[in-house]
Amino acid sequence: KQEVTQIPAALSVPEGENLVLNCSFTDSAIYNLQWFRQDPGKGLTSLLLIQSSQREQTSGRLNASLDKSSGRSTLYIAASQPGDSATYLCAALTGGGNKLTFGTGTQLKVEL
Amino acid sequence: GAGVSQSPSNKVTEKGKDVELRCDPISGHTALYWYRQSLGQGLEFLIYFQGNSAPDKSGLPSDRFSAERTGGSVSTLTIQRTQQEDSAVYLCASSLTGQNYEQYFGPGTRLTVT
C-alpha cells in the first residue's frame, strides 16, 4: 500500500526566502506525482505534475523534482510571498493509474 | 473555460438521513474521481469513473456509499443512513484520459452530520 509523507508539517518563513517542501513515498511504482495547493475552505489547485519518466518541472517561481528510486519529491519555492501562504499537498498516482494517494500536507505561512 | 463544480457547497443533515452530492466535471474530461478530506484521515480516494468502464470502487468505506455517473458527465455520490463519522469535505476531480494528465478539483461539499 502506497504511503506518502510530507515534512515539515508546518513552516513559517519571512517574505523573500527560498524554501523547500519535502514529499516521500513508499512505493516507487508511480505513474506521476502532482503538487497541489489548498487555501483554507477551498478545493485543491494543481501546481505541477511530474511524469514518472521526468526529473523535474518548473512553473514560474516553483520547481518540483522527482527521484523515483529514492521515493522522494521536493517543491522549491523561490522568493516566497505572503500570497504563497497555503497548505501544500503532494500526491502520487498509483493503483493502476486510477487514484491519487495524498500526503498529509505542509502548512506554509509567509510573513511580511 | 468552466472548472469542476460541486453542489451543494455545504450540507447539514441529521444522522440516519440519506444525502446526495453532485459533481459537474470539466467538459470533455472522461475521467472523474471522488475523494474525501477529513481531519482524522487526510485526503483519501473513494471512487473512479473512466468512460463506460466499470468504476473502481475500491476506496468506498462501506456499502452505505455509492456513486453513479450518468451520460459520462455528471456524477452523484450518495451516502445512505449517514453517520457522524461521514462528516468531511467531499471533493470531486476530473481529468483527460490516461495517467499523463492532471486532475482538476472542484471546491468540495462540506458535509456535517449532526
Side-chain angles (χ1 to χ4, degrees), chain A residues 1-7 9-10 23-25 27-54 57 59 62 64 66 68 73 75 86-107, chain B residues 2-7 9-10 21 23-26 29-51 53-60 67 88-112:
Chain A
K1 178 185 174 185
Q2 177 74 274
E3 293 183 3
V4 181
T5 306
Q6 291 187 246
I7 295 173
C23 171
S24 61
F25 46 94
D27 184 354
S28 62
I30 64 171
Y31 292 88
N32 62 49
L33 189 131
Q34 204 167 345
W35 282 92
F36 297 88
R37 86 173 258 169
Q38 185 173 33
D39 293 281
K42 305 288 186 180
L44 278 64
T45 300
S46 178
L47 298 174
L48 288 164
L49 180 146
I50 312 177
Q51 301 296 344
S52 61
S53 58
Q54 297 175 322
Q57 279 287 334
S59 176
L62 305 179
L66 175 65
K68 274 185 58 177
S73 177
L75 180 67
T87 296
Y88 290 79
L89 295 154
C90 68
L93 188 67
T94 54
N98 296 347
K99 64 191 75 171
L100 287 172
T101 301
F102 283 85
T104 48
T106 293
Q107 189 171 4
Chain B
V4 178
S5 61
Q6 293 186 245
S7 61
S9 56
N10 281 284
L21 312 179
C23 172
D24 282 270
I26 293 172
H29 281 190
T30 55
L32 187 147
Y33 313 78
W34 283 97
Y35 295 86
R36 177 169 73 172
Q37 187 172 32
S38 55
L39 282 176
Q41 300 296 324
L43 229 158
E44 54 185 347
F45 166 82
L46 296 177
I47 188 169
Y48 160 75
F49 294 90
Q50 172 58 55
S53 302
D56 177 354
K57 304 179 182 179
S58 61
L60 294 179
V89 177
Y90 289 82
L91 294 162
C92 175
S94 71
S95 73
L96 294 169
T97 301
Q99 293 107 24
N100 296 331
Y101 299 101
E102 296 168 85
Q103 293 185 25
Y104 293 90
F105 281 74
T109 294
R110 180 175 296 278
L111 175 66
T112 303

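In what follows, chains carry the letters A, B, and so on, assigned in the order in which the sequence lines appear, proteins first and then strands, with residues in each chain numbered from 1.
- No side-chain heavy atom of A:Leu44 sits under 4.5 Å from any side-chain heavy atom of B:Gln103.
- A distance of 4.5 Å separates CZ in B:Phe105 from CZ in A:Phe36, rounded to the nearest 0.5 Å.
- Heavy-atom pairs under 4.5 Å with chain A were tallied for B:Tyr104, B:Tyr101, B:Phe45; the largest tally goes to B:Phe45.
- Applying the side chain to side chain donor-acceptor pair (under 3.5 Å) criterion to A:Glu3, with sequence neighbours excluded, gives no partner residue.
- Other residues, nucleotides and ligands contribute over 12 non-hydrogen atoms within 6.0 Å of the CD atom of B:Glu44.
- Neither the backbone nor the side chain of B:Ser95 comes within less than 4.5 Å of any heavy atom of chain A.
- If you tally non-hydrogen atom pairs under 4.5 Å between each of A:Leu49, A:Leu100, A:Leu48 and chain B, the highest count goes to A:Leu100.
- If you take CG on B:Leu46 and NZ on A:Lys99, they are separated by 10.5 Å, rounding to the nearest 0.5 Å.
- Heavy-atom distances place the side chain of B:Tyr35, and not its backbone, under 4.5 Å from chain A.
- With a threshold of 4.5 angstrom between heavy atoms, B:Leu43 approaches chain A through its backbone and through its side chain.
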